Amino acid sequence: MTILSFTSLLRFWPAAALPLALALGYGKGWVNGNLNAGENCLAEKKLAVSRALEQERETAKERNAIADVFHAKQEQATQQVQEIEKEVVSYANQYIDDDCSLDDDGLQLINKLIDAANGDLAQH
């Protein structure tokens with residue numbers, strides 16, 4: 001480089017420095033913005049996943065509670081059916097004659113057994 005070109009470069013340097021500074025500032029801002037946006041996106045994803053997991057845990061608790069009630073009622077119905085079956089067998093051995101007819105008490109026992117088997121526990 002000659003001295004003339006160096007001095008002319010020094011003369012135009014302030015005019016070239018401003019666009020260069022703006023470009024560097026814009027580039028730094030763009031990089032920082034992308035980093036922040038990425039971090040914010042990841043934070044929002046983590047929050048959404050944790051909320052979804054918590055909601056799924058609550059739903060699972062509700063389903064388990066419903067299943068527990070259902071199984072308890074099933075167990076109660078099974079026990080009641082077994083008790084009524086014993087009553088029916090005892091009654092049948094005592095009172096049913098050779099033509100297999102039932103009187104009113106026998107029919108009530110059979111109906112009681114059917115209701116219990118169908119889950120109608122409130123009647124008994």
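This structure is a prediction, so every number in the text was calculated from the model and none was measured.
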**Q** Which residues pass the salt bridge (Lys or Arg N to Asp or Glu O under 4.0 Å) test with Glu44, not counting sequence neighbours?
**A**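 So Glu44 forms no salt bridge (Lys or Arg N to Asp or Glu O under 4.0 Å) with any residue.
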**Q** Sequence neighbours excluded, which residues qualify as side chain to side chain donor-acceptor pair (under 3.5 Å) partners of Gln79?
**A**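 Result, side chain to side chain donor-acceptor pair (under 3.5 Å) vs Gln79: Glu75.
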**Q** I need the full list of salt bridge (charged side-chain N to carboxylate O under 4.0 Å, His left out) pairs touching residues 45-56, with sequence neighbours left out, sorted by first then second residue.
**A**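 Salt bridge (charged side-chain N to carboxylate O under 4.0 Å, His left out) check on residues 45-56 returns Glu54-Arg57.
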**Q** To the nearest 0.5 Å, how far apart are CD1 in Ile84 and NZ in Lys86?
**A**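 So the CD1 of Ile84 and the NZ of Lys86 are separated by 12.0 Å.
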**Q** Could you tell me whether Glu58 atom CD has more than 12 heavy atoms of other residues or ligands within 6.0 Å of it?
**A**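 Enclosed.
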